[in-house]
Amino acid sequence: VQGPGIRGLTGPGGLNAMKSVLELDGHRVEPWSPLSTAAVSPPPDTDLLILPGPHLHLPAAILAGLESHLTAGGALLLMLDPAAELADSSGDAGLAPLLAARGLRAGTGFVVDLGEENIKLGKGFEVPVVGRYAPHPVTRRFLERSEPTSFPLARAFDPIEGTTPMPAGLLLSSDASFEERGAFDGRAHFDEGVDRKGPFVLAAASDSSAAGGGPLLVIGDSNFVGEGEIDWFGNDDLLLSAVSWLSRTRLRPDLALPDAPAQLLPITPGGRRLYALISLLILPALVLSVWPLRLLIRRRRGRAATRGES
């Protein structure tokens with residue numbers, strides 16, 4: 001999605017690196033600018049809308065287009081940076097109603113993480129390093145490999161109780177994290193009564209497919225897919241996993257395919273006897289037959305060399 005106050009694919013701060021990763025994985029990426037076209041909804045063959053880092057209150061046409069796309073069963077990947085990075089005082093770019101309808105409330109500050117992973121991997125306190133993933137099709141490969149992801153200046157999300165279906169938290173900050181909600185003075189310290197203690201949900205998924213709607217996946221940062229960040233450990237894999245789940249071939253959490261059981265090749269009694277015959281007699285005989293052949297070849301080469309000298 002392209003428009004005023006939304007990170008573009010090119011230019012300063014552009015997300016061309018994200019576009020390249022998606023295209024290398026076989027996805028077709030095209031800009032959709034609802035303000036420059038008469039159509040409020042995206043093209044009918046659109047599998048997924050990506051809204052990367054809106055920094056201004058979105059125009060009503062874009063908000064209406066996103067809502068109608070989700071309501072009609074379309075998928076949306078939303079990357080919502082902290083309010084401190086927005087260029088106006090909207091706090092959430094006007095996306096609060098869309099998120100609330102799907103059981104999510106965006107945090108008002110940004111996440112500071114003083115966990116061990118940040119220190120080990122050389123990331124600052126303002127760049128949460130995630131190593132905790134909740135079970136979900138999007139996070140399956142991370143649960144298997146335990147690969148970290150990082151989010152420069154990230155926003156937290158809170159679930160709204162009583163929502164149906166309830167959203168699923170995907171990425172969790174460390175126990176040593178907190179949400180900086182007051183005036184930031186450049187130091188990483190917790191202000192009692194102002195800041196909130198973690199851990200926090202940094203990405204969440206909501207799927208209304210059962211009711212005819214579409215899936216939403218929201219991540220509290222758009223910088224993780226930018227130049228110089230998308231190739232950091234598992235950042236690109238997270239993007240591809242999110243897009244895979246959101247696309248037409250996605251697996252809903254309640255319909256995730258189980259891992260295929262190992263298949264063993266049955267061997268009959270006759271097959272066992274044949275295997276024993278090959279192992280004990282035929283293979284050793286083949287190995288022994290190689291040595292006379294090598295000696296014969298050496299002798300012939302020696303004779304040829306002697307004739308050449310004479």
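Counting from 1, the numbers follow the sequence of the chain as shown.
- Placement of F190 and I119 in two distinct hydrophobic clusters is found when ILVMFWY residues are connected by side-chain heavy-atom separations under 4.5 Å, directly or transitively.
- E227 is linked by a salt bridge (Lys or Arg N to Asp or Glu O under 4.0 Å) to nothing, counting only residues two or more places apart in sequence or in another chain.
- Here the straight-line distance linking atom CZ of F178 with atom NZ of K197 works out to 10.5 Å at 0.5 Å rounding.
- Side-chain contact between V218 and L104 is present, with heavy atoms from C-beta onward closer than 4.5 Å.
- Contact of the P165 side chain with the D207 side chain is not registered, since no non-hydrogen atoms from C-beta on lie closer than 4.5 Å.
- Under the rule for a side-chain hydrogen bond (donor to acceptor under 3.5 Å, both in side chains), the partners of S222 that lie at least two apart in sequence or sit in another chain are R7, D81.
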Please determine whether side-chain contact (heavy atoms from CB on, under 4.5 Å) holds for the pair W232 and L121, giving the CA-CA distance in whole Å, both sets of side-chain angles, and the decisive distance to 0.1 Å. CA-CA 11 Å; W232 191 88; L121 297 173; 3.6 Å; yes
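- Applying the side-chain hydrogen bond (donor to acceptor under 3.5 Å, both in side chains) test to R105 and every residue at least two apart in sequence or in another chain returns nothing.
- S68 contributes a side-chain N or O that, together with a main-chain N or O of A64, makes up a donor-acceptor pair within less than 3.5 Å.
- Separating the CG atom in L58 from the OG atom in S90 is a distance of 8.0 Å, to the nearest 0.5 Å.
- Remark: the T149 side chain and the Y133 side chain contain an N/O donor-acceptor pair separated by less than 3.5 Å.
- Listed here is the closest heavy atom pair of G91 and A83: O-CB, 3.6 Å.
- Environment of CZ in R28: sparse, with no more than 12 heavy atoms of neighbouring residues, nucleotides or ligands closer than 6.0 Å.
- Judged as a side-chain hydrogen bond (donor to acceptor under 3.5 Å, both in side chains), and not counting sequence neighbours, the contacts of E23 are K19.
- Using a 4.5 Å heavy-atom threshold, the side chains of S209 and P215 count as touching.
- Residue F224 is not grouped with residue L86 when hydrophobic side chains (ILVMFWY) are merged at heavy-atom distances under 4.5 angstrom, including chains of intermediate members.
- Here the shortest heavy-atom pairing between A134 and G169 reads CB-O, 3.1 Å.
- L9 and L48 fall within a single hydrophobic cluster, where Ile, Leu, Val, Met, Phe, Trp and Tyr are joined by side-chain heavy atoms under 4.5 Å apart, directly or via other members.
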Apply side-chain contact (heavy atoms from CB on, under 4.5 Å) to the pair L80 and L95, showing each step before the final yes or no. CA-CA 9 Å; L80 184 59; L95 291 162; 4.0 Å; yes
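- The side-chain heavy atoms of H57 and L63, taken from C-beta on, include a pair separated by under 4.5 Å.
- Side-chain contact between P52 and V225 is absent, with no heavy atoms from C-beta onward closer than 4.5 Å.
- Under a hydrophobic-cluster definition in which Ile, Leu, Val, Met, Phe, Trp and Tyr are linked whenever side-chain heavy atoms come within less than 4.5 Å, directly or via other members, V201 and V111 are assigned to different clusters.
- Within the 3.5 Å criterion, the main-chain N or O of N223 finds a donor-acceptor partner in the side chain of D221.
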Candidate pair N235 and L239, rule side-chain contact (heavy atoms from CB on, under 4.5 Å), full reasoning: CA-CA 6 Å; N235 284 11; L239 171 67; over 6 Å; no
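- Considering every non-hydrogen atom in both I219 and A203, the closest pair reads CG1-CB, 3.9 Å.
- Applying the side chain to side chain donor-acceptor pair (under 3.5 Å) test to residues at least two apart or on different chains, the pairs with a partner in residues 159-173 are S173-S177.
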Check the pair N16, T10 against side-chain hydrogen bond (donor to acceptor under 3.5 Å, both in side chains), reporting the backbone distance first and the verdict last. CA-CA 6 Å; N16 192 57; T10 59; over 6 Å; no
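- Not counting sequence neighbours, the partners of E229 by the salt bridge (Lys or Arg N to Asp or Glu O under 4.0 Å) test are K123.
- Transitive grouping of hydrophobic side chains (ILVMFWY, heavy atoms separated by less than 4.5 Å) brings I230 and L170 into a common cluster.
- Rounding to the nearest 0.5 angstrom, the gap separating the OG1 atom in T46 from the CH2 atom in W32 is 8.0 Å.
- Here the CG atom belonging to L99 is positioned 9.5 Å from the OG atom belonging to S206, to the nearest 0.5 angstrom.
- Side-chain atoms of R155 and F151, non-hydrogen and from C-beta on, never get closer than 4.5 Å to each other.
- Closest heavy-atom contact between H136 and A205: NE2-CB, 3.9 Å.
- With sequence neighbours left out, the side-chain hydrogen bond (donor to acceptor under 3.5 Å, both in side chains) criterion links S241 to R141.
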Applying salt bridge (charged side-chain N to carboxylate O under 4.0 Å, His left out) to R181 and D191, what does each step give before you reach the verdict? CA-CA 9 Å; R181 304 175 75 180; D191 294 325; over 6 Å; no
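- The stretch residues 86-100 participates, sequence neighbours left out, in no salt bridge (charged side-chain N to carboxylate O under 4.0 Å, His left out) pair at all.
- To the nearest 0.5 Å, the span separating CE on M18 from CG on D236 amounts to 13.0 Å.
- The ring-ring contact (aromatic ring centres under 6.0 Å, His included) test applied to F157 returns no partner, not counting sequence neighbours.
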Would you give me the side-chain donor-acceptor pairs under 3.5 Å for residues 70-79, sequence neighbours excluded?
{"residue": "T71", "atom": "OG1", "partner": "E67", "partner atom": "O", "Å": "2.8"}
{"residue": "T71", "atom": "OG1", "partner": "E67", "partner atom": "OE2", "Å": "3.3"}

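- For the pair A154 and P128, the tightest heavy-atom approach, listed with the atom from each and the gap, is CB-CG, 4.1 Å.
- Side chain to side chain, D47 and S247 fail the donor-acceptor criterion of an N or O pair below 3.5 Å.
- Remark: L49 CG to L216 CG distance equals 11.0 Å, nearest 0.5 Å.
- Of all the heavy atoms in P34 and I62, the pair that sits closest is CG-CG1, 3.4 Å.
- With sequence neighbours excluded, no residue forms a side chain to side chain contact (heavy atoms under 4.5 Å, CB included) with P12.
- Between L202 and L172 there is no side-chain heavy-atom pair separated by less than 4.5 Å.
- A 4.5 Å side-chain heavy-atom check between V138 and L238 finds at least one atom pair inside the cut-off.
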Begin from the C-alpha positions of F200 and E179 and carry the test side-chain contact (heavy atoms from CB on, under 4.5 Å) through to its verdict. CA-CA 8 Å; F200 300 104; E179 185 186 34; 3.7 Å; yes
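- Evaluation of the salt bridge (Lys or Arg N to Asp or Glu O under 4.0 Å) rule for R132 yields D175 as partners, not counting sequence neighbours.
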